[in-house]
Amino acid sequence: MAIFLDTGNINEIKKYLDFGIIRGVTTNPTILLKCGVTGGLEGVKQRSIDIAKMISPLPLSVELTTNDPTKMMEQAIEFSKWAPNINIKVTLHGPNGELDNLKIIHELEKKHNVRVNVTAMMSAQQCLLAAMAGATYVSLFCGRVNNMGYNSIEEVKKLRKLLDQFGLKSKIICASTREVLNVIEWLEAGGDIVTVLPNLLEGMIVHPYTKETVQMFLNDAAKL
Ligand code: E4P
């Protein structure tokens, strides 16, 4: 699995898809807004369908835009019908700690056959519960964990161990990536996937010493 591109920008997705180095795409309302999506739900639908078609059969995560439990369930089922490779991002709880979300996550996975990416989680214990509820993906916001002064690598290691120990099949998504270094360190710690911004992906590829070495080859080739 390894790398999901964290963007709603069609051109960036096309570029890295053509390189063969991404295995999915993740979005959320904040990302879509930054990428110029407007027009409310219709705008979200259009951009999501465009991305889903482009990357098919790779998975696309689309996040719910409401916190009302009835509407969440309706939206999730509607979004999941936009394309077969769309999975639904649901936060573990609401902005005031509302607990309805876990029931919704469980029902989507078990009763409606909708794949869920449980998002905005900051600890291994939250992810463990999301995995027990049946989530296909559990998203640990590792960059935000680090920003709070905790060690995200330790959370990923703990989570890997717990999922393996209890035979839970959820894939660990390490999200909120802030540095190029995060990608390898979180994968090495046991993450299945890291969500990567396009500029960080370029940072993983381009190395100053590689540039210098390539220039040497070209210079010498010209002298042959
Ligand atoms: C990915 O699934 C997340 O939505 C994203 O990485 C969150 O990043 P942020 O912490 O920069 O908002």
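Numbering of ligands and ligand atoms starts at 1, following listing order. Only this structure's heavy atoms are used, side chains among them; waters, hydrogens and symmetry mates stay out.
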Quick one: do [X] and [Y] make a salt bridge, cutoff under 4.0 Å?
X: Glu154; Y: Lys158; value: no
X: Arg47; Y: Asp50; value: no
X: Glu74; Y: Lys71; value: no

Exercise for the section: Mind telling me whether Phe19 and Tyr16 have parallel, tilted or perpendicular rings, with 30° and 60° as the class edges? Expected result: perpendicular
Handout entry: Within-shell test, Thr195 vs ligand 1, heavy atom, strictly < 4.0 Å
Key = yes
Between [X] and ligand 1, is there a nitrogen or oxygen pair with a distance under 3.5 Å?
X: Thr177; answer: no
X: Lys89; answer: yes
X: Asp6; answer: yes
X: Arg178; answer: yes

Handout entry: More than 12 heavy atoms of other groups within 6.0 Å of Glu202 CD
Key =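 No - once you tally the heavy atoms of other residues, nucleotides and ligands closer than 6.0 Å, there are 12 at most.
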Handout entry: Validation row: Cys174, Val156 side chains within 4.5 angstrom (heavy atoms)
Key = yes
Practice task
Determine, using the 4.5 Å side-chain heavy-atom cutoff (strictly less than), whether Val194 and Leu60 are members of one ILVMFWY cluster.
Solution key: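 Linked, Val194 and Leu60 end up in one cluster.
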Problem - Protein contact of atom 12 (O) of ligand 1 - nearest heavy atom, named by residue and atom, plus distance - result: Arg144 NH2, 2.8 Å
Handout entry: Shortest reach to atom 4 (O) of ligand 1 by a heavy atom, considering only Asn28, Asn117, Leu197
Key =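 Closest candidate by heavy-atom distance is Asn28.
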Practice task
Answer with side chain, backbone, both or neither: which part of Phe4 has a heavy atom less than 4.0 angstrom from an atom of ligand 1?
Solution key: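 It is neither part, as no heavy atom is under 4.0 Å.
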Fill in the blank from the handout: If we number the atoms of ligand 1 from 1 as shown, the ones under 4.0 Å from a heavy atom of Phe141 are 3 (C), 4 (O), 7 (C)
